[in-house]
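These numbers come from the heavy atoms of this one structure, side chains and all, not from hydrogens, waters or symmetry mates. First listed ligand is number 1; within each ligand, the first listed atom is number 1. All values reported here derive from a predicted model rather than from experimental measurement.
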Amino acid sequence: MTTPRKIIIDTDPGQDDAVAILLALASPELEVLGITAVAGNVPLSLTQRNARMICELAGRGDVRVFAGCDGPMVRRLITAEHVHGKSGLDGADLPEPEMPLADRHAVDFLIDTLRAETPGTVTLCVLGPLTNIATAFTRAPDIASRLEGIVLMGGAYFEVGNITPAAEFNIHVDPEAAEIVFRAGVPLVVMPLDVTHKALTDRSKVEAFRAMGTKAGAAVAGWTDFFERYDKQKYGQEGAPLHDPCVIAYLLQPGLFTGRHVNVEIETRGEYTLGMTVADWWGVSGRPANAMFMGGIDREGFFALLTDRIGRL
Ligand code: BDR
Ligand code: CA
């Protein structure tokens with residue numbers, strides 16, 4: 001087997017973040033150097049705790065979890081309990097974590113790790129607002145060029161928005177951070193709502209997780225059951241979009257996704273469009289491409305991968 005790819009997962013769990021983390025921890029192709037928690041779906045005190053609960057559920061109490069920024073760079077924190085529940089992980093009953101939180105700020109961990117590892121060997125998988133990453137880039141501009149790349153869930157183009165009519169949650173929460181990251185010159189792969197709204201569960205997919213008869217399978221089924229009530233009501237469709245697992249699935253099987261290498265700018269001033277990802281899908285701006293912006297997914301292939309890997313836990 002080839003050497004596993006080194007990744008750091010930056011996250012605000014969140015049920016879909018949790019499934020993404022389980023997918024990564026179940027996959028031998030990936031070596032998780034650490035998990036950095038950020039404020040987003042719920043406050044930092046809960047996201048760092050949830051990240052540790054998820055590691056323990058995967059039997060991986062050895063993974064280091066770091067707490068990062070407790071709010072956006074310049075704005076007030078917006079959270080999403082209306083989607084994820086009060087804990088961020090409503091839907092499964094997990095015990096309080098026993099593993100300790102790592103004794104270092106997530107931003108310090110990101111900077112130290114990227115300076116210590118061989119340049120071009122570490123990929124950041126970003127599943128929440130980009131606050132930790134932009135803060136690290138601002139404090140240590142040298143680290144951006146040391147990354148292999150960033151794969152992130154955020155933004156939308158044809159699907160427009162979920163937290164506002166024009167913006168997706170992760171980008172809207174901290175648009176200034178997103179702007180820094182999108183302008184950093186790092187190879188960027190973006191999983192916007194255009195993709196993740198096609199990564200929909202349905203009854204048989206959820207029941208397949210439950211039928212595994214494992215703690216992880218039961219948790220994934222419980223989380224998606226909880227999570228889907230909001231999207232079903234909102235979009236009138238069956239199932240929940242598994243946004244964040246698309247990031248990890250891309251690292252494992254990039255062929256599941258299709259997209260275009262285009263220019264993407266972040267709206268940081270719009271009265272109605274704050275946090276919009278202005279993706280030049282039609283190549284009309286003349287601005288240089290800075291992101292691989294995905295649009296399509298092989299849904300059955302995605303769920304086959306997810307079911308196979310969660311079944312190994
Ligand atoms: C994103 O926002 C959060 O609610 C989810 O965890 C996902 O990262 C989807 O807009
Ligand atoms: Ca998330």
### Query
Does a side-chain N-to-carboxylate-O contact under 4.0 Å join D112 and R115?
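Salt bridge between D112 and R115, a charged N being under 4.0 Å from a carboxylate O: no.
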Would you tell me whether [X] and [Y] have side-chain atoms, one donor and one acceptor, within less than 3.5 Å of each other?
X    : Y    : answer
D10  : T36  : yes
T268 : E176 : no
N263 : S285 : no
T47  : N50  : no

Quick one: nearest non-hydrogen protein atom to [atom], plus distance?
atom                   : result
atom 1 (C) of ligand 1 : E168 OE2, 3.3 Å
atom 6 (O) of ligand 1 : D16 OD1, 2.7 Å
atom 3 (C) of ligand 1 : N41 OD1, 3.1 Å

### Message
Classify the ring geometry of F66 against F109: parallel below 30°, tilted from 30° to 60°, perpendicular beyond 60°.
### Response
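Aromatic pair F66/F109 classed parallel.
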### Query
What class does the angle between the rings of F302 and F257 fall in, given that below 30° is parallel, 30 to 60° is tilted and above 60° is perpendicular?
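Perpendicular.
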### Query
Between the side chain of D194 and the main-chain N/O of Y157, is any donor-acceptor distance below 3.5 Å?
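Between the backbone of Y157 and the side chain of D194 there is a qualifying donor-acceptor contact (under 3.5 Å).
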### Query
Among T196, D244, D17, which one has a heavy atom closest to atom 8 (O) of ligand 1?
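Looking at heavy atoms only, D244 sits closest to atom 8 (O) of ligand 1.
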### Message
How large, to 10°, is the angle at the Ca ion (ligand 2) when you draw lines to OD2 on D17 and to OD2 on D244?
### Response
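D17 OD2 and D244 OD2 form an angle of 70° at the Ca ion (ligand 2).
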### Message
If I consider every N, O or S atom in D12, which one ends up closest to the Ca ion (ligand 2)? I only need its name.
### Response
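Going by distance to the Ca ion (ligand 2), the closest N, O or S atom in D12 is OD1.
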### Task
State whether A20 contributes an N/O/S atom found under 3.0 Å from the Ca ion (ligand 2).
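No, since none of the N, O or S atoms of A20 sits under 3.0 Å from the Ca ion (ligand 2).
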### Message
Within the structure, is a non-hydrogen atom of V83 found at a distance of less than 4.0 Å from ligand 1?
### Response
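No heavy atom of V83 comes that close to ligand 1.
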### Task
Using non-hydrogen atoms of the residue, decide whether H84 is closer than 4.0 angstrom to ligand 1.
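Judged by the 4.0 Å heavy-atom criterion, H84 does count as contacting ligand 1.
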### Query
Short N/O distance, under 3.5 Å, between N170 and ligand 1?
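For ligand 1, there is an N or O atom that lies under 3.5 Å from one belonging to N170.
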#### Entry: I163 contact mode with ligand 1 (heavy-atom cut-off under 4.0 Å)
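Near ligand 1, I163 shows nothing, with every heavy atom at 4.0 Å or more.
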### Query
Can you list the ligand 1 atoms lying under 4.0 Å from a non-hydrogen atom of L127?
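Per the distance check, 8 (O).
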